[in-house]
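Along the sequence shown, the residues carry numbers beginning at 1.
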Amino acid sequence: MVEYKCSRLCFKADVIEPLKKDDSFLVHTPNGIFMFTKADFCRVFSNVVESKSYKEGRLYCYKYPPVRAMQFLISGQYKENKPVDESVRTMDLVGDDIRQKIKEIGLLWRNSPNNPSIDSELLRKWDKLIDEWIEDETMPLIIRKETSKRGQSFMHPTGREIIVSDNTVAIWVFSNVLNGKVFTLSDIKECLKHNELPMVFMATKEIKENAKYTKPLGDYKLLNWKVCHVKSVGFNTNKSIEKLDISEIKEHFRKYANPNNMFVLPKEIGYLGEIDVFINEQKR
């Protein structure tokens with residue numbers, strides 16, 4: 001187990017990223033000692049993982065620990081240089097009563113008139129498109145991994161082109177779904193051929209210099225919504241793209257790009273999309 005000390009709750013990419021998904025790390029702060037597995041960190045703090053501060057600055061800090069961090073607090077009092085017993089388990093600071101209330105809120109949002117209603121036939125067509133996309137070996141697969149390489153293209157040992165994006169493609173998909181639009185595989189091929197399929201949120205100078213696909217999200221931005229996934233799309237591995245099994249990549253792409261695995265939340269409550277008991281109520 002690795003550990004480090006900070007004056008506030010901070011996540012250090014250079015410490016966390018080399019860890020395996022089940023490895024744990026401790027953060028000693030004046031507010032207490034927090035213990036995370038890498039898998040839990042990536043799941044609960046996906047916004048941190050995707051942030052510019054974490055990816056480029058290699059450090060993301062909170063002025064005050066957020067509520068969702070409290071489930072990982074193992075000691076409420078910071079003690080200088082005191083070793084922590086690795087057998088200590090994370091205390092359940094939430095409890096079943098609160099989880100039940102979060103579940104009820106999830107159901108309320110599922111049935112809310114403000115929750116966009118998606119036509120089941122439209123979702124069926126998108127499901128069919130994603131299946132065809134995966135089966136066509138001439139089509140590149142798009143992944144959300146190593147987002148510092150957004151827009152860049154890699155050749156997998158199987159000969160399949162792999163493109164790196166952030167959450168842009170998922171947002172583009174759901175934006176089209178909200179507008180009642182679906183594509184054919186030929187449409188997608190033309191978009192890729194002419195660099196018209198958004199792969200990056202913004203086309204920065206660095207992206208323009210290094211990427212093959214540089215189309216920004218533009219008008220497809222969902223200003224009022226956060227796009228969330230029901231089944232997690234994280235790889236939970238430090239393997240390079242070239243070393244990932246192609247079946248893993250296909251399954252990742254299916255979850256990442258298929259609107260049947262997505263829902264939206266108003267940005268004001270977007271953090272609820274990171275809580276399992278809430279997510280479970282959004283399953284179609």
Aromatic ring proximity, centroids under 6.0 angstrom, Trp225 and Phe174: no
Under the salt bridge (Lys or Arg N to Asp or Glu O under 4.0 Å) test, residues paired with Asp187 that sit two or more places apart: none
Salt bridge (Lys or Arg N to Asp or Glu O under 4.0 Å) partners of Glu161, counting only residues at least two apart: Lys212
Under the salt bridge (Lys or Arg N to Asp or Glu O under 4.0 Å) test, residues paired with Glu137 that sit two or more places apart: Arg160, Lys250
Phe201 six-ring centre to Lys221 NZ/CZ under 6.0 Å and within 45° of normal: yes
Any donor-acceptor N/O pair, Asn210 side chain to Glu206 backbone, under 3.5 Å: yes
Note: Arg99-Asp96 ion pair, threshold 4.0 Å (strictly below): yes
Proximity of His252 and Phe235 rings by center, below 6.0 Å: yes
Do any side-chain atoms of residues 105-113 form donor-acceptor pairs under 3.5 angstrom with protein atoms, and if so which ones, sequence neighbours left out?
residue, atom, partner, partner atom, Å
Trp109, NE1, Val264, O, 3.0
Arg110, NH1, Glu281, O, 3.2
Arg110, NH1, Lys283, O, 2.7
Asn111, ND2, Leu107, O, 3.3
Ser112, OG, Asn114, N, 3.1

Sequence neighbours excluded - side-chain hydrogen bond (donor to acceptor under 3.5 Å, both in side chains) pairs with any residue from residues 52-64: Asp14-Arg58, Glu17-Tyr54, Lys55-Thr147, Tyr62-Arg68
Ring center gap for Trp172 and Phe183 short of 6.0 angstrom: yes
Transitive ILVMFWY side-chain link Ile102 to Val67, under 4.5 Å: no
Residues Glu268, Lys226; criterion salt bridge (charged side-chain N to carboxylate O under 4.0 Å, His left out); working and verdict: CA-CA 9 Å; Glu268 182 181 350; Lys226 177 183 178 182; over 6 Å; no
Distance flag, aromatic centroids of Phe72 and Phe36, threshold under 6.0 Å: yes
Under the salt bridge (Lys or Arg N to Asp or Glu O under 4.0 Å) test, residues paired with Lys215 that sit two or more places apart: Glu196
